[in-house]
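First the proteins, then the strands, lettered A, B, ... as listed; each starts at 1. These numbers come from the heavy atoms of this one structure, side chains and all, not from hydrogens, waters or symmetry mates.
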There are 2 protein chains.
Amino acid sequence: MSGEIAAPSRGARKKRTNDPEGMRRRVLDVAEVSFQSRGYHASSLGDLMAAAGVTGGALHHHFPTKKALALAVIEERVAAAVRETWIEPVLAASSAREGVRAVFEAVAAELELQGYVRGCPLNNLAHELSLADDEFRAVLAKIFAGWRQAIADKVRADQRDGAERGTDPDRFAALTVAAYSGAMSMAKTSQDASVLRECLKGLEGLQLSSGRPTRKRRRRLLL
Amino acid sequence: MSGEIAAPSRGARKKRTNDPEGMRRRVLDVAEVSFQSRGYHASSLGDLMAAAGVTGGALHHHFPTKKALALAVIEERVAAAVRETWIEPVLAASSAREGVRAVFEAVAAELELQGYVRGCPLNNLAHELSLADDEFRAVLAKIFAGWRQAIADKVRADQRDGAERGTDPDRFAALTVAAYSGAMSMAKTSQDASVLRECLKGLEGLQLSSGRPTRKRRRRLLL
DNA sequence: GACAAAACAGGACAACCGGTCTGTTTATGA
DNA sequence: TCATAAACAGACCGGTTGTCCTGTTTTGTC
């Protein structure tokens with residue numbers, strides 16, 4: 001109903017053009033949106049077929065089962081979303097702390113702009129599927145792990161530059177991802193993105209020690 | 001199969017005893033477990049009826065629709081779970097910070113003991129239902145809000161005692177709940193509770209200012 | 001152009017789901 | 001005791017779901 005992506009025109013009849021990659025992409029487009037907003041179980045293949053303008057035969061040809069479709073969505077789309085909105089921006093930032101801040105800001109701004117919080121794609125599917133099927137769970141866990149490791153690696157890079165001396169990289173990464181995921185959960189439930197900013201401010205005032213106190217006290221930055 | 005709670009004995013025939021409260025409780029018991037571990041959509045009323053040893057007539061008498069059952073589970077069971085495992089322990093603790101630490105520890109220990117992470121009941125249902133139905137969403141958001149407010153109130157109480165001078169109560173509460181929820185999400189997905197401890201350690205090294213720098217520097221406590 | 005494989009169409013189907021319905025048993029209380 | 005309502009039993013139904021199956025069309029290859 002709301003999110004029709006690209007149903008082929010009904011006017012052009014009779015002439016069919018085989019476009020396996022395009023058809024596969026259209027199905028994944030629709031499934032990605034529907035799985036995130038309505039969830040896996042609440043998304044019926046009939047709805048997806050109608051929204052994508054795809055017949056049952058074509059769908060079954062590319063994705064034999066619903067589970068296969070969901071696995072493709074997770075591995076190709078969800079993983080890419082995490083990479084594009086989190087991993088790459090953080091790695092490209094001047095520091096881990098600044099990267100995390102920028103992503104929080106960007107996501108909060110985007111949510112406030114569109115006035116609707118769909119939640120984190122990874123988190124949404126992880127909650128629904130990780131207990132239901134162990135194959136799902138393993139793939140989702142791998143994405144979470146990669147996300148955390150990217151942030152931790154960035155902190156280690158900062159440390160090689162002399163900064164973030166007193167920060168435990170893995171601890172910082174875990175807390176960042178957890179705070180973001182949890183904040184998104186609340187934002188989705190309350191349909192209000194302001195909690196993201198609240199948590200970001202909390203993280204900014206963070207002095208993450210790895211055990212012994214920080215040597216060089218850094219003044220709080222006032223951005 | 002696994003979580004049979006209290007199906008009435010099949011041996012005793014013919015004699016029926018009306019026990020509306022008991023029957024209602026048994027249904028809620030089963031539904032609470034199933035909704036949390038399998039999710040709302042994946043839990044069929046047939047399964048619940050079989051697990052609770054309840055006929056369709058009885059179920060429909062107490063809960064006219066599946067949605068009504070879920071609302072009852074949320075309002076009576078999920079809210080109570082948050083109250084018992086979070087709000088009451090934090091309010092009873094010597095300080096907000098200590099209360100939060102104790103709850104994190106207790107939950108992590110319990111999860112490691114039972115070797116299986118089912119996730120946070122509130123978070124699980126919030127993800128699946130808050131976008132599907134606005135009535136669900138409102139109830140779940142209310143529980144989240146109460147949870148946060150309780151922690152913030154405890155911080156304010158600490159401040160009246162002279163402690164936590166530089167901490168913004170709402171910010172601390174939001175970050176705490178977010179970190180816990182997110183950590184539970186990851187723990188559930190990886191089926192490993194250690195990330196909870198990781199996030200707790202991160203929160204413990206936290207210096208949450210409300211804007212201006214803390215007056216009296218407190219030495220890091222080494223618990 | 002012949003031929004095999006891939007790509008797609010579209011119907012069929014069995015299982016299941018949630019809700020409804022009618023009827024029977026138990027408690028209540030005047 | 002007897003009416004009345006609540007509590008419960010159990011069958012039933014329309015609709016939906018995911019999957020499968022049989023054809024037909026297109027594409028690639030020699």
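- Whole-Å rounding puts the L48(A) CG to dT19(D) C1' distance at 15 Å.
- Comment: E98(B) engages R101(B) in a salt bridge, judged by a side-chain N to carboxylate O separation of less than 4.0 angstrom.
- Here the C1' atom of nucleotide dA6(D) and the CZ atom of R24(B) are 15 Å apart, to the nearest Å.
- Rounded to whole angstrom, the span from the CG atom of L59(B) across to the P atom of dG10(D) amounts to 14 Å.
- The CG atom of D19(B) sits 10 Å away from the C1' atom of dA7(D) (whole-angstrom rounding).
- The CZ-P distance, from R26(B) to dA7(D), rounds to 14 Å in whole Å.
- Put simply, CZ on R16(B) is 11 Å from C1' on dG23(C), counting in whole angstrom units.
- Put simply, CG on L45(B) is 12 Å from P on dT20(C), counting in whole angstrom units.
- Between S44(B) and dC16(C) there is no side-chain polar atom (N or O) within less than 4.0 angstrom of OP1 or OP2.
- In this structure, the side chains of E32(A) and E76(A) stay at 4.5 Å or more apart for every pair of heavy atoms.
- Not one side-chain nitrogen or oxygen of H60(A) sits closer than 4.0 Å to the OP1 or OP2 atom of dT19(D).
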Salt bridge (Lys or Arg N to Asp or Glu O under 4.0 Å) between D29(B) and R25(B): does it pass, once the steps are laid out? CA-CA 6 Å; D29(B) 285 343; R25(B) 199 202 60 235; 3.8 Å; yes
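- Checked against dT26(D), dA9(C), dC8(D), the side chain of N18(A) finds its nearest nucleotide in dT26(D).
- When each of dT19(D), dA27(C), dC8(C) is scored by its nearest atom to the side-chain atoms of T17(B), the top-ranked nucleotide is dA27(C).
- Among the nucleotides dC8(D), dG18(D), dT17(D), the one closest to any side-chain atom of K66(A) is dG18(D).
- Rounded to an integer number of Å, the gap from M23(A) CE to dT27(D) C1' is 15 Å.
- Residues H41(B) and H41(A) keep their aromatic ring centres 6.0 Å or farther apart.
- Using a 4.5 Å cut-off on side-chain heavy atoms (C-beta onward), T85(A) and V103(A) make no contact.
- Residues G46(B) and H61(A) both approach DNA chain C. Their nearest nucleotides, taken by heavy-atom distance, put H61(A) toward the 5′ side.
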